[in-house]
Structures are given as structure tokens and as C-alpha cells.
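FYI, side chains are in, hydrogens and waters are out, and symmetry mates aren't considered; it's all heavy atoms of this structure. All values reported here derive from a predicted model rather than from experimental measurement.
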Amino acid sequence: MAVNILMPALSPTMEKGKLAKWLKKEGDKVKSGDVLAEIETDKATMEIESIDDGILGKILVAEGTDDVLVNAPIAVILAEGEKLGAMPIAAAVPPSAVPATSPARGAEKKVMTPSSSPLAGEGELANHSAGGVGGRVFASPLARRMAKQKGVELSSVHGSGPHGRIVLKDVESAKLGAAPAAGTATHAMALPPSDATILKNLSEGSYDLVPHDQMRKVIARRLTEAKQTIPHFYVTVDIALDNLLALRERLNLQAPKDKDGKPAWKVSVNDFIIKAMAMALIKVPDANVSWTESAMVHHKHADIGVAVSIPGGLITPIVRSAEIKGLAQISQEMKDYAARARTRKLKPEEYTGGSASVSNLGMMGVKNFSAIVNPPQATILAVGAGERRPVVRGNDIVIEQQMSVTLSTDHRCVDGALGAEFLGAIKMYLEEPGLMLV
């Protein structure tokens with residue numbers, strides 16, 4: 001039986017990716033487990049494996065193709081002796097009507113049609129209009145959310161995606177306020193100026209145009225969504241570091257040596273911050289939450305994301321259950337994550353989800369800043385540089401090593417007083433770091 005190879009979803013938020021390279025060619029025999037192709041997203045490069053034996057009968061998407069929609073057919077595997085012409089390649093099936101596949105298994109045996117899909121009448125296919133197959137509107141989840149926010153009726157939008165599917169750019173270019181659906185907000189979000197509007201004010205020859213890569217597109221989309229949908233609230237404190245720095249020095253001096261005489265581990269200030277934030281989330285459990293429209297998600301562990309700069313953007317690998325891990329283990333995990341992040345070898349489960357995040361620009365000399373909450377998390381801690389400052393202690397002025405940190409919260413679930421309590425717990429653990437060891 002012929003098998004459609006579908007574009008896999010490599011993370012919960014992925015809608016499209018780049019088919020970077022085919023590792024098999026048409027006519028090649030393939031076995032279950034053979035790697036067929038490499039897929040690039042904004043965060044990682046992953047491989048698609050075959051789950052069937054057969055012949056790679058047809059490649060539908062050429063290597064190097066950008067913006068291939070998740071669940072779109074990209075190739076067909078044929079059984080021995082089977083002919084391609086007799087097999088429908090789901091040309092009329094919108095990607096949203098095909099069941100999702102796992103990142104490691106990019107194939108789906110059953111070719112769904114809109115009438116036979118178990119999703120019919122739900123989610124993607126629930127709205128009826130004059131367009132689409134059988135009067136249904138085919139649109140990506142992101143396009144639907146944006147249309148609702150802008151008050152745009154999807155039935156009035158022309159889809160530019162495969163098979164007429166409505167994608168984000170179609171909604172963004174739709175006429176604002178056109179035939180709003182019942183119950184949607186009538187106000188519309190302002191759209192940024194068009195490329196032509198921006199460029200017409202620049203002198204010819206005074207600039208170069210560098211197209212956005214997939215990572216930059218996703219970062220832009222995610223941050224725009226976060227600022228437009230999350231009501232941010234900010235609290236800042238200064239933290240004395242002398243005790244932490246003294247303990248860090250003693251711990252690193254006690255690190256065992258490997259066979260080459262190098263320390264087995266070296267704990268950083270950032271490792272202390274990750275640990276302190278995790279323990280503060282457990283101490284103040286009402287801050288260890290995520291927002292959904294129907295319920296508050298209370299996390300049982302503190303999974304801390306750590307922003308890591310990589311060429312062209314950033315990624316946030318997650319230290320799972322950081323509250324129960326020692327500083328040396330956190331340090332070793334972060335070194336591994338950072339190394340693999342820079343080569344885009346992190347797995348989706350290593351950078352998705354999480355309870356809260358840390359973004360540290362102190363090593364770049366930044367004194368303080370405010371970070372943007374990374375949904376579905378509700379808090380992110382922005383860490384500035386440690387520096388020697390004059391501080392009043394009693395009636396005396398003393399010089400101490402201090403740093404400023406700013407907590408950004410999702411005000412829907414972490415109010416001002418709760419945010420201050422949570423930040424106070426972080427400050428306590430960092431100023432008295434021995435408390436993290438008992």
C-alpha cells in the first residue's frame with residue numbers, strides 16, 4: 001500500500017518548516033527506520049524516518065524549499081511493484097485535515113479526505129462558508145486566532161496557502177473590520193507599515209535587503225503575540241552577591257579533578273540563579289502557574305528555561321525539575337544545552353513548555369532590562385550585571401557587589417503582590433545561598 005510522507009510537526013507551535021535536504025532519491029529502496037530527509041525549523045534540524053519498507057516513488061517537495069506547511073505531503077513511498085499513477089496523493093486534502101505525525105515518524109498510512117476526516121466539524125473544519133471543500137473554511141490555527149483578534153470574517157478572506165488554505169499573511173492583509181463574525185471584537189489591531197512604505201523613505205543604494213530566515217520569522221511572530229495577548233507587569237529588586245560569590249568560589253575549589261587535571265564542574269552565577277528561581281517557585285506555588293482560558297495550570301515541578309543566544313536569534317532550553325537538582329548537575333546540563341543549541345541539535349522536548357525562564361545579559365555589561373514573557377510560562381527573570389555599588393547599611397555607607405533583576409509576569413495569573421512575594425523569595429535564596437543546600 002502506498003504511504004504519504006507528511007511534513008512533521010517538530011514542536012507544538014510549529015506551522016511550517018524548511019525541507020533542507022533529501023537523503024534518498026526517487027527510486028531508492030527504503031526500509032523502516034531509514035532516514036529520508038532533514039527538516040529545519042527556527043530552532044533545530046531534525047530527521048524524518050521511514051516507518052515502512054518500499055520504494056521512494058515520488059518526491060513532492062524539492063530540497064531547499066522554505067515554508068512547507070505541517071502535514072503537507074512531501075513524498076510517497078510505494079510498495080514493491082506498485083504504480084504511482086493509481087494512487088491519489090491527497091492533492092485535495094488541506095494539511096489541517098490530515099492527522100499530525102510525531103517528529104520522528106514523518107509518515108501516515110491513511111490518506112484522509114475532508115468527508116472522512118475525524119476532525120470534520122471540529123477545530124479547523126468547524127466553520128462553514130461559501131469557500132473551501134464542502135463549504136468549509138480551511139485556515140491555520142494562528143490565522144484563526146489572528147482573525148478573531150482583528151474581527152475579520154474568514155469566509156471573506158482569500159487563502160494563499162496550499163489548496164486555498166488561509167494562512168497568517170492572508171489575515172494580516174485582509175481589510176480590517178470586514179464582516180466581523182458575531183461575538184468578535186470590533187476593534188482591530190494596527191498593522192505595521194508595509195515594506196514599500198518603509199523603503200520609499202530610504203535613499204536608493206543606501207541599504208541592503210537580507211531576507212528573514214525561519215528563526216527570525218518565528219521569533220517575530222511569537223514576541224508579537226506575547227506582547228499583544230499577555231498583560232505584562234514588572235517588579236525590580238537589587239540583590240547583594242557577596243555571600244553567593246564567596247560560596248561559589250569555595251564550591252569550585254572543591255570540584256574533583258578528571259584524569260587531565262581539569263575540574264569536573266565549575267558552577268556559574270547563572271546556575272545559582274536557575275536553582276534559586278526553581279526553589280522560589282516551589283516556595284511560592286501560586287506563582288508556578290500557566291494561564292489558559294478555562295483554568296489555571298499549577299505545575300508540580302519547577303522547569304526553568306534559560307535563554308541561550310545562537311547565531312540569528314535565541315533558544316530557551318529547559319532544566320527540568322531544577323528544584324531537586326544540585327548546582328553541579330544544573331551546570332553540566334546547561335553546558336550541554338548551550339553547545340547543542342548553537343549547532344541546532346536540541347530536541348523539541350528540550351526547549352518547549354517550562355514553568356518560568358531566566359534571561360541573563362549581565363555578562364554583556366547590561367545593568368537592567370525587562371524581558372518578554374514566553375508563553376505558556378507566566379514569568380521571566382531579567383538579570384543584569386553584578387557590580388560594586390555604595391550601599392547604606394545602618395548609618396554607614398559600604399561597598400557591596402550587587403545586581404539588579406526584573407521579574408516580568410503575566411498579570412492574568414501573577415498579580416503584583418504575588419510577583420513581589422515570588423521575587424522576594426528569589427532574592428532570599430540568592431543573598432543566603434546556603435538555604436538552597438539544606
Side-chain angles (χ1 to χ4, degrees), residues 4-22 36-49 59-76 89-108 112 117 119 123-125 132 137-147 154 157-174 195 210-226 310 312-315 344 346-349 351-352 374-375:
N4 266 3
I5 306 300
L6 307 180
M7 184 68 170
L10 304 184
S11 72
T13 58
M14 176 179 166
E15 287 199 340
K16 54 190 176 183
K18 178 180 180 179
L19 205 161
K21 183 178 181 181
W22 281 104
L36 301 178
E38 293 180 352
I39 302 296
E40 289 182 5
T41 69
D42 58 309
K43 304 293 188 184
T45 299
M46 300 288 286
E47 296 173 338
I48 298 179
E49 297 178 4
I59 291 176
L60 305 176
V61 177
E63 65 179 38
T65 302
D66 289 312
D67 298 338
V68 182
L69 291 175
V70 166
N71 293 331
I74 59 175
V76 180
I89 309 177
V93 181
S96 58
V98 183
T101 58
S102 69
R105 295 291 186 261
E108 175 62 48
M112 309 293 292
S117 170
L119 300 180
E124 289 291 313
L125 307 182
V137 174
F138 300 130
S140 71
L142 181 59
R144 288 190 180 279
R145 290 197 299 271
M146 187 62 72
L154 285 175
V157 178
H158 174 72
S160 63
H163 321 304
R165 188 181 196 228
I166 298 170
V167 294
L168 177 61
K169 67 179 181 180
D170 302 324
V171 177
E172 290 177 334
S173 61
D195 293 5
V210 180
H212 302 308
D213 61 13
Q214 190 67 18
M215 173 179 287
R216 185 50 53 185
K217 290 177 183 178
V218 173
I219 289 174
R221 187 192 76 206
R222 292 268 293 165
L223 293 182
T224 299
E225 284 182 352
I310 61 177
L314 60 86
I315 192 170
R344 298 198 178 192
L346 289 178
K347 301 173 183 177
E349 60 268 23
Y351 58 79
T352 54
N374 180 28

Below 4.5 Å, heavy atoms only, C-beta onward: do [X] and [Y] meet side chain to side chain?
X: V61; Y: M7; result: no
X: L19; Y: I39; result: yes
X: M215; Y: R344; result: yes
X: N374; Y: R222; result: yes
X: V68; Y: K16; result: no
X: I48; Y: I74; result: yes

- Item | Side chain E63, main chain W22, donor-acceptor under 3.5 Å | yes
- Item | Gap between atom NE2 of H212 and atom NZ of K217 - 0.5 Å precision | 8.0 Å
- Message: Check this for me: K347, atom NZ, are more than 12 non-hydrogen atoms of other residues, nucleotides or ligands nearer than 6.0 Å?
- Response: no
- Heavy atoms only: give me the nearest L60-P73 pair and the separation to one decimal. CD1-CB, 3.8 Å
